[in-house]
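Just so we're on the same page: letters track the sequence lines, and every chain starts at 1.
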2 protein chains.
Amino acid sequence: MAGVGGQTQSSSKTGGMSRIQEKNRNLILDAALGEFSKKGFSGATVERIAAEAGMSKSNLLYYFSSKEAIYNATLAHILEVWLAPLKTLDPAGDPARELAGYICQKIEMSANFPEASRLFANEVMQGAPQILPILETDLKRLVQEKCGVIEDWIDAGKLRRVDPLHLIFTIWATTQHYADFSVQIRALTGRDLSDAAFLQQTEEAVTSLILNGVGLAWPPEETEQE
Amino acid sequence: MAGVGGQTQSSSKTGGMSRIQEKNRNLILDAALGEFSKKGFSGATVERIAAEAGMSKSNLLYYFSSKEAIYNATLAHILEVWLAPLKTLDPAGDPARELAGYICQKIEMSANFPEASRLFANEVMQGAPQILPILETDLKRLVQEKCGVIEDWIDAGKLRRVDPLHLIFTIWATTQHYADFSVQIRALTGRDLSDAAFLQQTEEAVTSLILNGVGLAWPPEETEQE
DNA sequence: GAGGGATTTGACCAAATGGTCAAGATACAA
DNA sequence: TTGTATCTTGACCATTTGGTCAAATCCCTC
């Protein structure tokens, strides 16, 4: 119903779990991520997740008490890593490098974990029934903190005056778009982020667009060795 | 299974339909848009759509032969209007005004038809099972044409050299993000595009970020009357 | 206002699916 | 080896849900 951490164990804590238990929980979570991200919560079936995890439906339900429990566990499992990059924005760092680094991290997340991106997108588009409380507390706090950082950079004259919130939204939107809409992108370009050359081209294009958008020189001036 | 135009009638052609027929088809399509955009294809139920449209499930199935037929009709119904703004990009116009106009159109689409945006996003995220052929033909042709326009602007030195494709993706991503992720945005800001002030603020933020990103002055220099 | 096609619906059906349960298989400690 | 807790599964159940059908009912024309 509400709150993502409501299963047996908080998340990937190995303690208090037998070898078999840990192995099977991981198999299930991997399978569930694939299924939920591909079909959404409603479209996913417990049977398919079990098959993908190589066990019977009954056995899966021995580890997770319900479909919703699997879903919540999957969500919790990816949420932390999915929101992590923002935390690395360093107030003391060079704004251009910090923002560029953040953008590239996000694009590489889209390249390496597109299912996580789609799962998250799906959840939010359905009204975030499970993670709304987290968005309203943890994420909100984090975003406000980082908005402060950007604000400080602006006040220090390091970048053009822009609304930090919309800057963050723009970075999220553009970077996640390449994962969530990869089918459309493939239909239009014949490639996606799994193509190394396309990945690099995307990183350059998005980074340069946004950094220039906030008035930062990009690519950085030639500084030889620094 | 494939191709969106496969129902009884091509789309909103009034011809050959009784008054009752037209009224009910519209009721159904409206209800279906709400339901499909909220729950996705799998999560939606024919019964709820019928209820929302004020008729029995049986009667709904008298007008559309299957759930998939309703879905396809809904998709076809919105697709045209959804992709329309891009067509207005005028090669002869001023690049800054043209791009700003396009961006604002898209944001206003997100504000006025968020369900359409979410329906489209859902369809594409599921792998575009119904509209992939359209993306690969009509949309691809349109996008290539407009990329050419932007390319010409670049060659004429009117804007910085950027990859037109990624520029278009960025515009799509940012503008649609405000509709598709409105729950998250509301969780973080307390507002969304249905708030006129927030809408305007968003238009300014996104437009200024992207236009500056491609090296165009924005807002435009004071030209008094032109 | 009668005839006939268009419209509407409740009853019903079959398949899919989440979840239960009791019995069997397995691993492991003593 | 053996007893016990853990693990695994097939059989089964209740509910949901997409779709059918025949019987009304409505609307319009002649």
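Contacts of B/Thr88 classified as side-chain contact (heavy atoms from CB on, under 4.5 Å), with partners at least two apart in sequence or in another chain: B/Gln105. Legend: residues meeting side-chain contact (heavy atoms from CB on, under 4.5 Å) with B/Ala121, ordered by chain and number and at least two apart, are A/Met125, A/Phe181, B/Asp180. Applying the side-chain contact (heavy atoms from CB on, under 4.5 Å) test to B/Glu145 and every residue at least two apart in sequence or in another chain returns B/Leu142. Considering only residues two or more places apart in sequence or on other chains, A/Ser42 meets the side-chain hydrogen bond (donor to acceptor under 3.5 Å, both in side chains) condition with none of them. Take B/Arg19 and apply the salt bridge (charged side-chain N to carboxylate O under 4.0 Å, His left out) test, not counting sequence neighbours, and it matches no residue. For B/Glu204, the side-chain contact (heavy atoms from CB on, under 4.5 Å) partners are B/Gln200, not counting sequence neighbours. For B/Asp192, the side-chain hydrogen bond (donor to acceptor under 3.5 Å, both in side chains) partners at least two apart in sequence or on another chain are B/Arg186, B/Ser194. Applying the side-chain hydrogen bond (donor to acceptor under 3.5 Å, both in side chains) criterion to B/Asp138, with sequence neighbours excluded, gives B/Arg141.
Atom pair B/Glu22:CD and C/dT7:P shows a separation of 12 Å (rounding to whole Å applied). Between A/Phe41 atom CZ and C/dT17 atom P there is a gap of 13 Å when expressed in whole angstrom units. In this structure, the NZ atom of B/Lys67 is 9 Å from the P atom of D/dT17, given to the nearest Å. With rounding to whole Å, B/Lys39 atom NZ is found 13 Å from D/dT16 atom P. For the pair B/Tyr63 OH and D/dT20 P, the computed distance is 17 Å after rounding to whole Å.
Across B/Phe36 and B/Tyr71, no two heavy atoms sit closer than the pair CE1-CA, 3.7 Å.
Remark: B/Asn24 is not in phosphate contact with C/dA6, judged by side-chain N or O atoms under 4.0 Å from OP1 or OP2. Contact check, B/Gln21 against C/dT7: a side-chain N or O comes under 4.0 Å of OP1 or OP2. Close to C/dT8, at under 4.0 Å from its OP1 or OP2, lies no side-chain N or O of B/Tyr62.
Proximity note for B/Leu61 (side chain, C-beta onward) versus C/dG18, C/dA6, D/dT20: the nearest is D/dT20.
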Taking only N/O atoms, report every protein-nucleotides 24-30 of chain D pair under 3.5 Å with atom names and distance.
| residue | atom | partner | partner atom | Å |
| --- | --- | --- | --- | --- |
| D/dC28 | OP1 | B/Arg19 | NH2 | 2.7 |

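Residues of residues 29-38 of chain B that place a heavy atom closer than 4.0 Å to DNA chain D do not occur. Residues from residues 43-59 of chain B that place a heavy atom under 4.0 Å from any atom of DNA chain D, listed by number: B/Ala44, B/Thr45, B/Val46, B/Lys57, B/Ser58.
Within 6.0 Å of CZ in A/Phe198 there are more than 12 heavy atoms belonging to other residues, nucleotides or ligands.
Residue pairs meeting the side-chain hydrogen bond (donor to acceptor under 3.5 Å, both in side chains) criterion with at least one member in residues 29-38 of chain B, sequence neighbours excluded: B/Glu35-B/Arg48.
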